[in-house]
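Data block below; observations after.
So that the names make sense, note that chain A is the first sequence line, chain B the second, and so on, each numbered from 1.
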2 protein chains.
Amino acid sequence: MTTARKPRAHRQAVTVTDIAKGCGVSRATVSLVLRGSPLVHADTRARVEAELKRQRYVYNRAAANLRRRTSSSIALVINDLSNPFFAEFAAGVDEALGGEGYVTLLGSTGESPERQQAVLGSLVEHAPAGMILSPAEHSDGLALRRQVGAGVPVLVFNRELSGADWDFLALDNQRGARLATEHLLSLGHRRIAFFGGHADSSSCQQRRAGHAEAMRAAGLEADPDWLVECSPTRAEAAGRTGELFERAPGATAAVCYNDNVALGLMLGLGARGVRPGAEFALTGFDDITEAALSTPPLTTLAVQPRECGRHAAQLLLDRVREPDAPVKRVVAPVRLVVRGSSGAQVP
Amino acid sequence: MTTARKPRAHRQAVTVTDIAKGCGVSRATVSLVLRGSPLVHADTRARVEAELKRQRYVYNRAAANLRRRTSSSIALVINDLSNPFFAEFAAGVDEALGGEGYVTLLGSTGESPERQQAVLGSLVEHAPAGMILSPAEHSDGLALRRQVGAGVPVLVFNRELSGADWDFLALDNQRGARLATEHLLSLGHRRIAFFGGHADSSSCQQRRAGHAEAMRAAGLEADPDWLVECSPTRAEAAGRTGELFERAPGATAAVCYNDNVALGLMLGLGARGVRPGAEFALTGFDDITEAALSTPPLTTLAVQPRECGRHAAQLLLDRVREPDAPVKRVVAPVRLVVRGSSGAQVP
DNA sequence: CTGAAAGCGCTTACAG
DNA sequence: CTGAAAGCGCTTACAG
């Protein structure tokens, strides 16, 4: 605990005692009515319910949680809420939790491990039943584990976290890249490069693995020269277009690390007089809004962040209900969206 | 209260009693140390603090709030979290609240008044100290007022809500449109249309008012024919380009309702062989990501949703601290961002 | 089927 | 400066 707030009394709430007095029963009976117990007589129940309505009673869940030693909140810690992917994810989480009677405690870290520590410290004091954590970059898994404690189940999302044996949910990167590669293969392409991403990131490794898997299955050898690294930004990708063709001469298609890289590559191709989608096929990953609006529109993998969020909520609640179940590692489905950018003729 | 959750005991927490026993003081003393009271002797404090660390004590804020009749949470109800504007806004709110020692209770309504009712019902049971509400479309202000109750201060964001005397924060729509119009005037334009939006929306009315204000100040009469309605989508705006020129013949520039409308108008201009930015000047509103990336880049009004969120948090906390202050109506600043689209020559 | 009593983890006058 | 006692609003055995 760190902060000092001005102690501000909140509304003089009407309590079970007021209701009990108001209709001549005991507080216990009121509580039983509130919790929907079948033990109480229908007439009594009706009387109590009328009184609840009359006095505009509002349940104090915090008090109930304290007494019952339960929790009705889940902490959701997001590294970057301004990223539409995570915003959608958060919406999905909140939607699913709400449906199960939980409330979402939000915490955003802005990719700062220090802020993450502070946020977790504050959230833990509110005794959430569990936590969904999309870790900030360079998070220390062991430190997080220590701070959160053993009592709060955690689901880690999106980024691998070493040193903690928590449940883990991530995109199905490998399958996504495999689907994209298979799609290009089915159109007749054989010389398919993998363009973009950093080889030391787990998501890039997984996407490369999917590409390699599909190539191998088609009886093609994946040449390591055909894996071109670059930062996942448009400008960087545009600038590396030349390198792609030097290292992968004769390539007729590329599976790109993500949409930004693909859109950058389109710019680079255009600058070299190569018409993307007509003379060179390419695919992205993420299905960002602009993917559908580019010229040509981009074939990509829709990652359905909202569904992902719902899925995460469900996984965490499973864990909350069954704390001793074995640790889970789950991949979220991705879906290939075919658009114009992959329509290039094979020479 | 509606839902039934499986009662799940959470961790066997270490409490002030454990700490008190552990170092031979009373629970009261531990509490005083926790709350940073100057009453306790430095030696005692040190002993207690060591014991807190040793036993990895975590403060139970819910219990403290119950006893003190305070609250350390603020409810944030967002109509559409998947809209980047609101996501950024939420990030700003959470950031500011965190800094003040509050935790954010998230609720998203997806623009559904029914879901909004359910969400509010659930949030209110968690006894937030206040609420920031971006209402769903067609919300009933009086019904909301009744549901939330008089005890919880509410700040309404973005959309006017009739029937409730709550604090209100919205974008400075009028000033934004005025700045855009003044910018076009300063470049020599005199025949400036207002394009897009629905006349019955309060934000459109305000933006039109800003346009009219600037025109009037420049000694120009705003012809009602030069106000062209259309839905704020790209496709719709592109399709209405012809109408704009029929109704506003000789217009050399347009202030658009928002960026989507402006981007659509660019498409429509292109289709008619008019080069936007070179032969016709236009401005947007919002500064969405694509505004900087279009050809030409779009002159627009940056609305700074994150700052807006911080501002909202501050306003609400002011209200929480001073419940009886007069109701406030505040506009959030907007900033003109000049880019290529407004660079057209005046004939 | 209903009520009296104890207790969740904390804080706060009130004595000493 | 420290401790004993009461109480925040709720729930849950336990009697009846």
Side-chain angles (χ1 to χ4, degrees), chain A residues 1 4-48 51-52 55 57-72 124-127 129 151, chain B residues 1 4-48 52 55 57-72 124-127 151:
Chain A
M1 55 168 311
R5 265 157 302 92
K6 188 164 174 183
R8 143 128 177 84
H10 62 242
R11 67 181 176 292
Q12 192 55 45
V14 4
T15 72
V16 286
T17 309
D18 300 313
I19 304 301
K21 272 187 195 139
C23 56
V25 299
S26 75
R27 292 152 66 213
T29 303
V30 177
S31 177
L32 291 175
V33 170
L34 285 172
R35 309 211 59 233
S37 160
L39 293 174
V40 30
H41 193 283
D43 297 355
T44 317
R45 166 185 308 286
R47 250 172 51 232
V48 171
E51 189 66 14
L52 289 169
Q55 296 202 35
Y57 172 80
V58 3
Y59 189 64
N60 184 331
R61 208 170 272 282
N65 281 332
L66 178 59
R67 179 59 178 84
R68 304 182 65 204
R69 321 191 85 231
T70 54
S71 170
S72 56
V124 165
E125 292 184 352
H126 288 86
Chain B
M1 57 169 308
R5 268 158 300 93
K6 189 164 175 183
R8 142 128 178 84
H10 62 242
R11 68 182 177 291
Q12 191 55 45
V14 3
T15 73
V16 285
T17 308
D18 299 313
I19 303 300
K21 273 189 195 140
C23 56
V25 298
S26 77
R27 292 153 65 214
T29 304
V30 177
S31 177
L32 291 175
V33 170
L34 285 173
R35 309 210 60 233
S37 162
L39 295 173
V40 30
H41 192 283
D43 296 355
T44 317
R45 166 185 308 285
R47 252 174 45 231
V48 171
L52 289 168
Q55 295 202 37
Y57 171 80
V58 3
Y59 189 64
N60 184 331
R61 208 169 272 281
N65 281 333
L66 178 60
R67 180 59 179 83
R68 304 182 65 205
R69 321 191 86 230
T70 54
S71 169
S72 57
V124 164
E125 293 184 353
H126 288 86

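- Between the CG atom of A/Asn65 and the C1' atom of C/dG7 there is a distance of 16 Å, rounded to whole Å.
- Rounded to whole angstrom, the span from the CG atom of B/Leu66 across to the P atom of C/dT11 amounts to 11 Å.
- With rounding to the nearest 0.5 Å, the separation of CG in B/Leu32 from NE2 in B/His41 is 14.5 Å.
- One atom, OH of B/Tyr57, and another, C1' of C/dG9, lie 7 Å apart when rounded to the nearest Å.
- Distances shorter than 4.0 Å separate some side-chain N or O of B/Ser31 from OP1 or OP2 on C/dT11.
- Between A/Ile19 atom CD1 and D/dT11 atom C1' there is a gap of 16 Å when expressed in whole angstrom units.
- Closest to the side chain of B/Ala63, out of D/dT12, D/dC10, C/dC10, is C/dC10.
- The two residues B/Ala127 and B/Ser71 come nearest to each other via the heavy atoms O-OG, 2.8 Å.
- Between the B/Arg45 side chain and the B/Ser37 main chain, a donor and an acceptor come within less than 3.5 Å of each other.
- B/Tyr57 approaches B/Leu34 most closely through the heavy-atom pair OH-CD1, 3.5 Å.
- A side-chain contact (heavy atoms from CB on, under 4.5 Å) with B/Val30 is found for exactly one of B/Asp18, B/Thr17, B/Ile19, namely B/Ile19.
- Side-chain nitrogen and oxygen atoms of B/Arg69 include none within less than 4.0 Å of the OP1 or OP2 phosphate oxygen of C/dT11.
- Taking atom CZ of residue B/Arg61 and atom C1' of nucleotide C/dC8, one finds them 18 Å apart after rounding to whole Å.
- A sub-4.0 Å separation between OP1 or OP2 of C/dC10 and a side-chain N or O of B/Arg68 is absent.
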TODO: Dot-bracket notation for DNA chain D is requested: 5' to 3', Watson-Crick or G-U wobble pairs only, both distances under 3.5 Å, with ( ), [ ], | and . as defined.
DONE: |||.||||||||.|||

TODO: Determine, for nucleotides 1-6 of chain C in 5'-to-3' order, which nucleotides have protein heavy atoms under 4.0 Å from the base (write B), from only the sugar-phosphate (write S), or from neither (write -).
DONE: SSBB-B

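- Rounded to a whole Å, the CG atom of A/Asn60 is 18 Å from the P atom of C/dC8.
- Rounded to whole Å, atom P of D/dG9 lies 16 Å from atom CG of A/Leu52.
- A donor-acceptor pair under 3.5 Å is absent between the side-chain atoms of A/Arg61 and the main chain of A/Ser72, judged by distance alone.
- In this structure A/Ala28 satisfies the side chain to side chain contact (heavy atoms under 4.5 Å, CB included) test together with A/Ser26, sequence neighbours excluded.
- The distance from the NE2 atom of B/His126 to the CG atom of A/Asn65 is 6.5 Å, given to the nearest 0.5 Å.
- Looking only at side-chain heavy atoms (C-beta outward), B/Arg68 and B/Arg35 come within less than 4.5 Å of each other.
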